[in-house]
Amino acid sequence: MAAVTLAATGLAASASQSEAPDLNGFWTHGFSLGFDAPPEGGPGPVHDVKTKAQMRAMGQFLVHEADASNPILQPWAAEEVKKANEAEKRGARIPSQQEICFPSGVPNYWTHPLLMQVVQTKDYVVFLHARDHQIRIVHLNKPHVANPQPSWYGDSVGHFEGDTLVVDTIGLNDKTPVDVFRTPHTTKEHVVERIRVVRGPGGAKNLEVRFTVDDPGAFTMAWTGIETYRGVGGPGGAVDPVGGGDVLQEEVCAENNRAIGIPDVAIPTETASRFR
């Protein structure tokens, strides 16, 4: 009986793995204008006081002005957001870590523009980004390491729940913002991401990343944000303006350590029909 039970369990695990959704492929989106709030309401991310349409119209001359009154922010975190706002207004914009060649952290990783490749195996899911070749590795069906030392991307473990990859990340350092508004976090940050393929207008594939941030060191409550990538290629698919269809172009930040947005750099915008 024990042998039969073990065999049945093995078959179930094998079937579960074979039925895991396929996230492999190339995905893209424009420069982030801030994470979207959950459609059902509830605590959401810091956002710009302008609408996304207004921000898109500003193109590469966009100046962010975050809503520092969002109730998720602890007073000290709200002050940091205000400082970033004032710097933007003065034309003395504070560069993000990714703009000065450092990793982006979580969930700020999802603000990366341009092409991303997902490589999925039975043991892990890897997110490869054209932006300075930043890489995240999610180990599947494993526990967190004991007492992880704070690092840029922390310790990420995941599993599939139906059509969704659920990623749990701890052990993050406090050197990165959580978004494009320089919203800070602490080493107490805990992020749970739910990643799945959804269908957009015309049946085009999108990659929906829904995440919840819990950090009692920086926020008054847990909050949820959403970022969406478009599938590259296929019917109704996006065309990445830099990488094309299935090529991750080499971008080495250390060779040209300059912030984006300077006049001599051509910057694709979200208004480009082939881009977003």
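Of all non-hydrogen atoms in Pro148 and Asp155, the two that sit nearest each other are CB-CB, 4.2 Å. Counting all heavy atoms, side chain and backbone alike, His139 lies closest to Tyr124 at CA-CB, 4.2 Å. Minimum heavy-atom separation, Met58 to Val63: CE-N, 3.6 Å. Across every non-hydrogen atom of Ala77 and Ala218, the tightest pair is CB-O, 3.6 Å. Looking at every heavy atom in both residues, Val46 comes nearest to Asp67 through CG1-O, 4.0 Å. The nearest pair of heavy atoms linking Gln134 to Pro103 is OE1-CA, 3.1 Å.
Tracing side-chain contacts under 4.5 Å through hydrophobic residues (I, L, V, M, F, W, Y), one never reaches Val167 starting from Ile170; they form parts of separate clusters. If you chain together hydrophobic residues whose side chains sit under 4.5 Å apart, Val180 and Trp223 fall into the same group. Under the 4.5 Å side-chain heavy-atom criterion for Ile, Leu, Val, Met, Phe, Trp and Tyr, Val192 and Leu207 are members of distinct hydrophobic clusters. Both Val126 and Phe26 sit in one connected hydrophobic cluster of ILVMFWY residues. Membership requires side-chain heavy atoms under 4.5 Å apart, directly or through other members. The hydrophobic clustering, which links ILVMFWY residues whose side-chain heavy atoms are closer than 4.5 Å, places Val157 and Leu172 apart.
Other residues, nucleotides and ligands contribute only 12 or fewer heavy atoms inside 6.0 Å of the CG atom of Asn147.
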Run Thr176 and Tyr109 through side-chain contact (heavy atoms from CB on, under 4.5 Å) and show every step you take.
CA-CA 10 Å; Thr176 64; Tyr109 181 85; over 6 Å; no
Passes side-chain contact (heavy atoms from CB on, under 4.5 Å), Tyr153 versus Val106? Steps please.
CA-CA 6 Å; Tyr153 283 127; Val106 183; 3.8 Å; yes
Test side-chain contact (heavy atoms from CB on, under 4.5 Å) on His64 and Met55; report intermediate values, then the result.
CA-CA 8 Å; His64 282 301; Met55 287 188 282; 4.1 Å; yes
Step by step, would you call Lys188 with Asp174 a salt bridge (charged side-chain N to carboxylate O under 4.0 Å, His left out)?
CA-CA 9 Å; Lys188 298 177 182 178; Asp174 60 1; over 6 Å; no
Evaluate Arg230 against His29 for side-chain contact (heavy atoms from CB on, under 4.5 Å), listing each step before the verdict.
CA-CA 6 Å; Arg230 286 186 59 189; His29 69 62; over 6 Å; no
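Put simply, the side chain of Arg56 reaches to within 4.5 Å of the side chain of Lys52, judged on heavy atoms. Contact of the Phe102 side chain with the Lys175 side chain is not registered, since no non-hydrogen atoms from C-beta on lie closer than 4.5 Å. The side-chain heavy atoms of Val213 and Pro107, taken from C-beta on, include a pair separated by under 4.5 Å. Contact annotation: the side chain of Val178 never approaches that of Asn108 to less than 4.5 Å [non-hydrogen atoms, C-beta and beyond]. For the pair His144/Asp168, a side-chain contact is recorded, criterion being any heavy-atom separation below 4.5 Å from C-beta on. Thr212 is not listed as a side-chain neighbour of Asp214, based on a closest heavy-atom distance of 4.5 Å or more. For the pair Asp179/Phe35, a side-chain contact is recorded, criterion being any heavy-atom separation below 4.5 Å from C-beta on. Taking the side chain as every heavy atom from C-beta outward, Leu73 and Thr183 approach each other to under 4.5 Å.
Under the 3.5 Å distance criterion, the side-chain polar atoms of Gln120 are matched with a main-chain donor or acceptor of Pro21. Side chain of Thr220 to backbone of Pro71: a donor-acceptor contact under 3.5 angstrom is found.
When Arg210, His159, Arg194 are each tested for a side chain to side chain contact (heavy atoms under 4.5 Å, CB included) with Thr164, only one passes: Arg194.
Here Lys50 does not pair with Glu65 in a salt bridge; the nearest charged N to carboxylate O distance is not below 4.0 Å.
Asp123 and Thr121 share no side-chain donor-acceptor pair at under 3.5 Å. Using modelled atom types, one finds a donor on one side chain and an acceptor on the other under 3.5 Å when comparing Thr169 with Ser156.
Between the CD1 atom in Ile137 and the CG atom in Leu128 there is a gap of 8.5 Å [rounded to 0.5 Å]. In this structure, CG in Asp36 is found 6.5 Å from CD1 in Ile226, a value given to the nearest 0.5 Å. With values rounded to the nearest 0.5 angstrom, Thr186 atom OG1 is found 8.0 Å from Gln74 atom CD. Atoms CZ and CE, on Arg136 and Met116 in that order, are 10.0 Å from each other to the nearest 0.5 Å. Annotation: the span from Asp22 atom CG to Lys205 atom NZ amounts to 6.5 Å, rounded to 0.5 Å. Rounding to the nearest 0.5 Å gives a distance of 7.5 Å between CH2 of Trp27 and CG of Asn206.
Taking the salt bridge (Lys or Arg N to Asp or Glu O under 4.0 Å) definition, one finds that Lys83 meets it with Glu80, sequence neighbours left out.
Residue pairs meeting the ring-ring contact (aromatic ring centres under 6.0 Å, His included) criterion with at least one member in residues 184-206: none, sequence neighbours excluded. Listed by first then second residue, pairs satisfying ring-ring contact (aromatic ring centres under 6.0 Å, His included) with a partner in residues 76-96 number zero, not counting sequence neighbours.
Between Trp110 and Tyr229, the ring-plane angle classifies as perpendicular under the 30° and 60° cut-offs.
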